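Labels below follow one simple rule: chain letters A, B, ... track the order of the sequence lines, proteins then strands, and each chain is numbered from 1. All figures in this text were calculated on a predicted structure; none of them were measured in a lab.
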2 protein chains.
Amino acid sequence: MARKLRGKGGEKAAERLREAGLRPTRQRLELAGLLFCDEDRHLSAESLHAEAQEAGIKVSLATVYNTLHQFTNAGLLRQVVVDAARSYFDTNIGDHQHFYCEGEGRLIDIPGDAIAVSGVPTPPRGTEIDRVDVVIRLRRA
Amino acid sequence: MARKLRGKGGEKAAERLREAGLRPTRQRLELAGLLFCDEDRHLSAESLHAEAQEAGIKVSLATVYNTLHQFTNAGLLRQVVVDAARSYFDTNIGDHQHFYCEGEGRLIDIPGDAIAVSGVPTPPRGTEIDRVDVVIRLRRA
DNA sequence: CAATAGATTAGAACAATTCTAAAGAAGATT
DNA sequence: AATCTTCTTTAGAATTGTTCTAATCTATTG
């Protein structure tokens, strides 16, 4: 599953962004390189920005925020809400859930085929289910 | 289940706060009156503060925040994280889960005996499960 | 009722995020 | 390739929800 978006020079990534209706700009391509390069990742806007700086990528924090939201709207990322103070973005967009280490602020994936939710009532009239999120909060034993 | 905390003049509420190690001050008693008066409620610090103002209760926003956190630590409230932008507090501290209307910013309780989560993997070494939170995100149909 | 520990307050401070308006880059059109 | 239009990026300001601070006040204890 690694290197989902990168061909030799990023043509695949560019193509994928275009399909999503996003211009393949330098900043988006470089951020996509960080995001989708290796294994699945959980990160905040701040941490991605920091990582980009270290990698010598010239990109503003505002653009990191824009890009994360655009990628999320395009279905390339999933936003995970576990903490009122910080937003996390998950590069794993498949069916899965999370452990959350309250103290550490760390997320751990739980495969979707491992976990199941049953007995969900019919949603209120005029609404339908968008997604079922399970967060298993952990504390130090 | 209504009027959990209020006797005729609030003696029960005062007693309950004392048990939790909290002095039964005017502000705490009045906020408890709003919180635990009728049915179960979901509210934010801002909305409780606004409600207090309308009810003619003289209390600062800082005290509302303090009180919500103290009540939460004392187990009288439960904090629900569904939106990165706002914190919700739930007066229902029993076993249950939530529907969340993304657009409306509204929470709806799901009784704990209706819904079940199975297949939770063993938590990582050195940690234990604190709580399993299920949030069913709704969109307009 | 004085002493003390704890609580409340207004406003400042803070952190995460969003907005703004100007400058820059992509893609289409000639 | 020059031009035009539209989208994108940017730095910094603004906003939002929340926490902190230091002074004042209040509930409880002796």
query: With respect to the phosphate group of dG24(C), does any side-chain polar atom (N or O) of Gln27(A) fall under 4.0 Å of OP1 or OP2?
result: no

task: Determine the contact category for Ala85(A): base if any of its heavy atoms lies under 4.0 Å from a base atom, sugar-phosphate if only primed atoms, P, OP1 or OP2 are that close, otherwise nothing.
output: sugar-phosphate

message: For Arg23(B) and Asn66(B), find the nucleotide of DNA chain C closest to each by heavy atoms; which residue's nucleotide sits nearer the 5' end?
response: Arg23(B)

- prompt: Between Asp83(A) and Tyr88(A), does any side-chain donor sit less than 3.5 Å from a side-chain acceptor?
  reply: no

task: Report which part of the nucleic acid Thr25(A) touches: base, sugar-phosphate, or nothing (heavy-atom distance under 4.0 Å, all strands).
output: sugar-phosphate

query: How far apart are the C-alpha atoms of Leu17(A) and Leu76(A), what are their side-chain angles, what is the distance that settles it, and do they pass the side-chain contact (heavy atoms from CB on, under 4.5 Å) test?
result: CA-CA 9 Å; Leu17(A) 288 184; Leu76(A) 303 174; 4.1 Å; yes

- prompt: Have His96(B) and Asp40(B) got a donor and an acceptor in their side chains that come within less than 3.5 Å?
  reply: no

Contact under 4.0 Å: Arg26(B) side-chain N or O vs dA7(C) OP1/OP2: no

query: Nearest of dT9(C), dT10(D), dA7(C) to any side-chain atom of Ala62(B)?
result: dT9(C)

message: Looking at Arg86(A), I'd like to know whether one of its side-chain N or O atoms comes within less than 4.0 Å of OP1 or OP2 on dA15(C).
response: no

- prompt: Does Arg18(A) place a side-chain N or O at less than 4.0 Å from the phosphate oxygens OP1/OP2 of dG27(C)?
  reply: yes

message: By the 4.0 Å heavy-atom rule, please label Ser87(B) as base, sugar-phosphate, or nothing.
response: sugar-phosphate

query: So does His69(A) get a side-chain nitrogen or oxygen closer than 4.0 Å to the phosphate oxygens (OP1/OP2) of dT18(C)?
result: yes

query: Picking from dT8(C), dT18(D), dT9(D), which would you name as closest to the side chain of Leu61(B)?
result: dT18(D)

task: Considering just the side-chain nitrogens and oxygens of Tyr65(B), establish if one lies under 4.0 Å of OP1 or OP2 belonging to dT19(D).
output: no

task: With the side chain of Thr63(B) defined as its heavy atoms from C-beta on, choose the nearest nucleotide among dT10(D), dA16(C), dT9(C).
output: dT9(C)

Candidates dT19(D), dG27(C), dT9(C) - which lies nearest the side chain of Ser60(B): dT9(C)

- request: Kindly indicate, with the supporting measurements, whether the criterion salt bridge (charged side-chain N to carboxylate O under 4.0 Å, His left out) is fulfilled by Arg137(A) and Asp130(B).
  value: CA-CA 5 Å; Arg137(A) 287 168 198 280; Asp130(B) 181 53; over 6 Å; no

